[in-house]
Amino acid sequence: MGRGKLRIYLGAAPGVGKTYAMLSEAHRRVERGTDCVVAFVEHHDRPRTEVMLHGLETVPRRRLEYRGGVFPEMDLDAVHARRPQVALVDELAHTNIPGSRNAKRWQDVEELLAAGVDVISTVDIQHLESLGDVVESITGVRQQETVPDEVVRRADQVELVDMSPEALRRRMAHGNIYPPDKVDAALSNHFRPGNLTALRELALLWVADRVDAYLTQYRTDHRVSRIWGSRERIVVGLTGGPEGRTLVRRAARLAEKGAGGEVLAVYIARSDGLTSASPKELAVQRTLVEDLGGTFHHVVGDDIPAALLAFARGVNATQIVLGSSRRRTWQYVFGPGVGATVARESGSDLDVHIVTHDEVAKGRGLPVARGARLGRSRRVWGWLVGVAGPPVLAALLNAVDLGLANDMLLFLALTVAAALLGGLFPALASAAVGSLLLNYFYSPPLHRWTIADPKNIVALVIFVAVGAAVASVVDLAARRTHQAARLRAESEILSFLAGNVLRGETGLEDLLERVRETFGMESAALLERASDVEPWTCAGRVGQGRPVERPDQADVDMPVGDHMALALTGRVLPAEDRRVLAAFAAQAAVVLDRRRLQEEADRARTLAEGNRIRTALLAAVSHDLRTPLAGIKAAVTSLRCEDVEWSEEDRAELLEGIEEGADRLDHLVGNLLDMSRLQTGTVIPLIREIDLDEVVPTALGGVPEGSVDLDVPETLPMVGVDPGLLERAMANLVENAVRYSPSGTPVLVAASALADRVEVRVVDRGPGVPDEAKDRIFEPFQRYGDAPRGAGVGLGLAVARGFAEAMGGTLAAEDTPGGGLTMVLTLRAAGPRPEHLPVAEHAAEPERRAS
């Protein structure tokens, strides 16, 4: 059975109608006879959405217990057993309750797709992983529930459900999204017009990029070369000269005039050495392009206008920006120039801008070199001069008698001209034809192929020899020039590649994309296998060409060692390009090895940390945990002793010792379990908005009465936290402060608002901690100073910091003015303190959400 298809309804904010649209599509499919079931859809008590569930088969949900509550989740096994054609799975970014098979709902969806079930799902733009920082800067709330962008990009169809901010706010005001008691708070916070407009723009731009990727794939699959101007893409042709910065800035201004404009700067390295690029200047221009939001591309091409136009059409560009030629006036005898050629051959689908600059007509900076790889037109002209030139010259000389010596010099000059234009063979042809014409017309006896004077034989032989020698020297010089220029172009590419790798900017996919782009291929893949008998596997692939499973299926394959190969599709590369390709292939293998070594190092680091934790845990069990157990056992043994008659006071004292030991043991075990959860990454906070005065007072139950002064104003804004984690963190901080405070000096717990944060300070007047040890006290199993036995295993502060960071906050230590230590717990404020406020980090769901 093949893989199922995924369709996603994407929205800018909760309430735009994603779930309604999904259910409408389900009804349409059911009417067409499709087997469609509701695997998990949350209607959030919205009447219109709830009505849409009628008439659709619903798979019963699985109920899980967590922290004293019962929560419904999608029953993945039941959906698999039902095996429908289409399953509706709402809220793709949802985090499953601990105890589920997968941590995230999108992983459940991947299982259904792998089983051949088509899935229709929904997601808000704010839950895409790559946009987390952007959404936080807009709304002030960090999204705890995210879905990898690649999951959404791999969807077979993404449909945008759009609504204007004004219409969405009206829907909210009419009570169609949240209950009436939460409308005002939502409208003044998450659903502000500015927030909704910015999120809508994000959604539109993301979908536009998605559509652009579809368009590129379609054009590639159907080999469409004509440009479709769906959006403004401006290609800037760079030569490496100082005018490049002017061109880039001009292109950026052009891009700003159109919505979604994009700038692509391209440098084409010619193999004939006609350009003189400065690597330093190219690096500066590359940085400028990237700073302006564009991209830099490096392409090899013998014919600069053709390569530039091919690149522009390949990226579906709409405009090309070029600089006015730096050539001097006399240099135009060699041709019209790149700008004029590009403008002439661009056609009606590409606009070409010629931008003036300060370097116009000041020269290239280096002499113009001619290469051995001559163009077709030059070869034609060379043969015309070499074959047709001598008869024309002979016809002219027949009218003027200059003497045999001058006639031979003129024919020799014509041979040199043929060599300069067409290379060796046109020059040899010119020498041969010229010698025959000299013998026939100018060497006695005239108009006969015989030679009477032996001296003329020597002259003709010398003429042919000189012509051949001059032609061979010119051809050899051209070949050497070509080789030098080719090596320079290769060195520029390899230098660019090495710079990227050294800066750590090139991952395997980025490197493969650079290979594909540099050589103008359709796709590039790195294949490997464990041994000669094992099948090939793909370590990385980019491009839209046909998939390659073995190196022999590719148009070009470059082996890397015995069991790895770089495979390219699109065209066959010339032999001289394979040297640079070999360098790319070797670098790809190095990047792959480095990535795997990094993964191994990360695993080793995790194992080492786990070993350290286990070692410290064993030490704690052997010492700190045995003390309360020994006290409890001694007290119980005493109470059970029948030989001693205990008084009520003694019995109460023994029972009190048992209770204190059990509390101490419970606290130590709780910290050990919490630390193990932090180390294994299984702490999943349930973020909701609460008042600090609901949690902080309950965290003081483990300290003696009167040992803490509490200052938490009621006017503080609400905070987005997990109440259970915050209570544990505060309890550990307060207990630590009370433990080290002098007797009779209470610990101060004070809270205050600062911008979009709320700070909780736990202030003690104890001995304090020096600056160099302030970070170390938050490490597991660390206790500053000579802590007495029974002071704990050194996990309280480590657990407190871990819980704070899990909730998106911070915990730091500062000196208390006048002596002591202050713990500063910084939490994320939920906004101005309203009477009622829905969950900020998932505004679509007022009720509990696991994040």
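Evaluated for a side chain to side chain contact (heavy atoms under 4.5 Å, CB included) with I304, the options V338, L309, V299 yield exactly one hit, V338. The side chain to side chain contact (heavy atoms under 4.5 Å, CB included) test with L508 singles out one residue from V542, V590, V591, and that residue is V591.
Residues L350 and T318 are not in side-chain contact: their nearest non-hydrogen atoms beyond the backbone lie 4.5 Å or more apart. Side-chain contact check for V548 versus L568: every heavy-atom pair is 4.5 Å or farther apart. Between V263 and L292 the shortest side-chain heavy-atom distance does not fall below 4.5 Å. No side-chain heavy atom of E129 sits less than 4.5 Å from a side-chain heavy atom of V147. Residues S121 and Y9 are not in side-chain contact: their nearest non-hydrogen atoms beyond the backbone lie 4.5 Å or more apart. Annotation: side chain of D557 is not in contact with side chain of L566 (no heavy-atom distance under 4.5 Å). A heavy-atom distance below 4.5 Å is found between the side chains of R541 and S523.
Interatomic distance, T122 OG1 to H127 NE2, rounded to the nearest 0.5 Å: 9.0 Å. The CZ atom of F296 sits 8.5 Å away from the OH atom of Y267 when rounded to the nearest 0.5 Å. Interatomic distance, C538 SG to R550 CZ, rounded to the nearest 0.5 Å: 14.0 Å. Summarising the geometry, atom CG belonging to L88 is positioned 11.0 Å from atom CG belonging to D118; distances are rounded to the nearest 0.5 Å. The CG atom of L76 sits 5.5 Å away from atom CG of L112, with the distance rounded to the nearest 0.5 Å.
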Show, in sequence, the C-alpha distance, side-chain angles and deciding distance for V123 and I8, and conclude whether the side-chain contact (heavy atoms from CB on, under 4.5 Å) test is met. CA-CA 7 Å; V123 71; I8 294 177; 3.7 Å; yes
For L10 and E159, run side-chain contact (heavy atoms from CB on, under 4.5 Å): C-alpha distance rounded to whole Å, both residues' side-chain angles, the deciding distance at 0.1 Å, then the answer. CA-CA 6 Å; L10 176 70; E159 183 171 335; over 6 Å; no
Apply side-chain contact (heavy atoms from CB on, under 4.5 Å) to residues V117 and V86 and explain how you reach the verdict. CA-CA 6 Å; V117 178; V86 180; over 6 Å; no
Step-by-step side-chain contact (heavy atoms from CB on, under 4.5 Å) determination, V109 to L92: CA-CA 8 Å; V109 169; L92 189 63; 3.6 Å; yes
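Closest non-hydrogen pair, A203 versus L160, comes out as CB-CD1, 4.0 Å.
Ion pairing between R29 and E25 holds under the 4.0 Å rule for side-chain N and carboxylate O. Salt-bridge check for E522 with R516: failed, with every basic side-chain N at 4.0 Å or more from each acidic carboxylate O. Contact check on E110 versus R154 returns a salt bridge, with a Lys/Arg side-chain nitrogen under 4.0 Å from an Asp/Glu carboxylate oxygen. With respect to the salt-bridge test (charged N to carboxylate O, under 4.0 angstrom), the residues R529 and E534 do not qualify.
Applying the side-chain hydrogen bond (donor to acceptor under 3.5 Å, both in side chains) test to E599 and every residue at least two apart in sequence or in another chain returns nothing. With sequence neighbours excluded, the residues that form a side chain to side chain contact (heavy atoms under 4.5 Å, CB included) with V560 are M564, A585, A589. Every residue two or more places apart in sequence or in another chain was checked for a ring-ring contact (aromatic ring centres under 6.0 Å, His included) with H353, and none qualifies. For Q85, the side chain to side chain contact (heavy atoms under 4.5 Å, CB included) criterion is met by T34, D35, not counting sequence neighbours. With sequence neighbours excluded, the residues satisfying side chain to side chain contact (heavy atoms under 4.5 Å, CB included) with A565 are W536, P551. Among residues two or more places apart in sequence or in another chain, the side chain to side chain contact (heavy atoms under 4.5 Å, CB included) test is passed with R245 by R249, E281, V284, Q285, L288.
Of the possible donor and acceptor atoms, one in the side chain of E145 sits under 3.5 Å from a partner among the backbone N and O of T95. Judged by distance alone, the side chain of T537 and the main-chain N or O of E528 form a donor-acceptor pair under 3.5 Å.
No hydrogens or angles considered: nothing links the side chains of D555 and T569 as a donor-acceptor pair under 3.5 Å. When only modelled atom types and interatomic distance are considered, N102 and N96 share no side-chain donor-acceptor pair under 3.5 Å.
Applying the 6.0 Å contact sphere to CD of E345 captures more than 12 heavy atoms from other residues, nucleotides or ligands.
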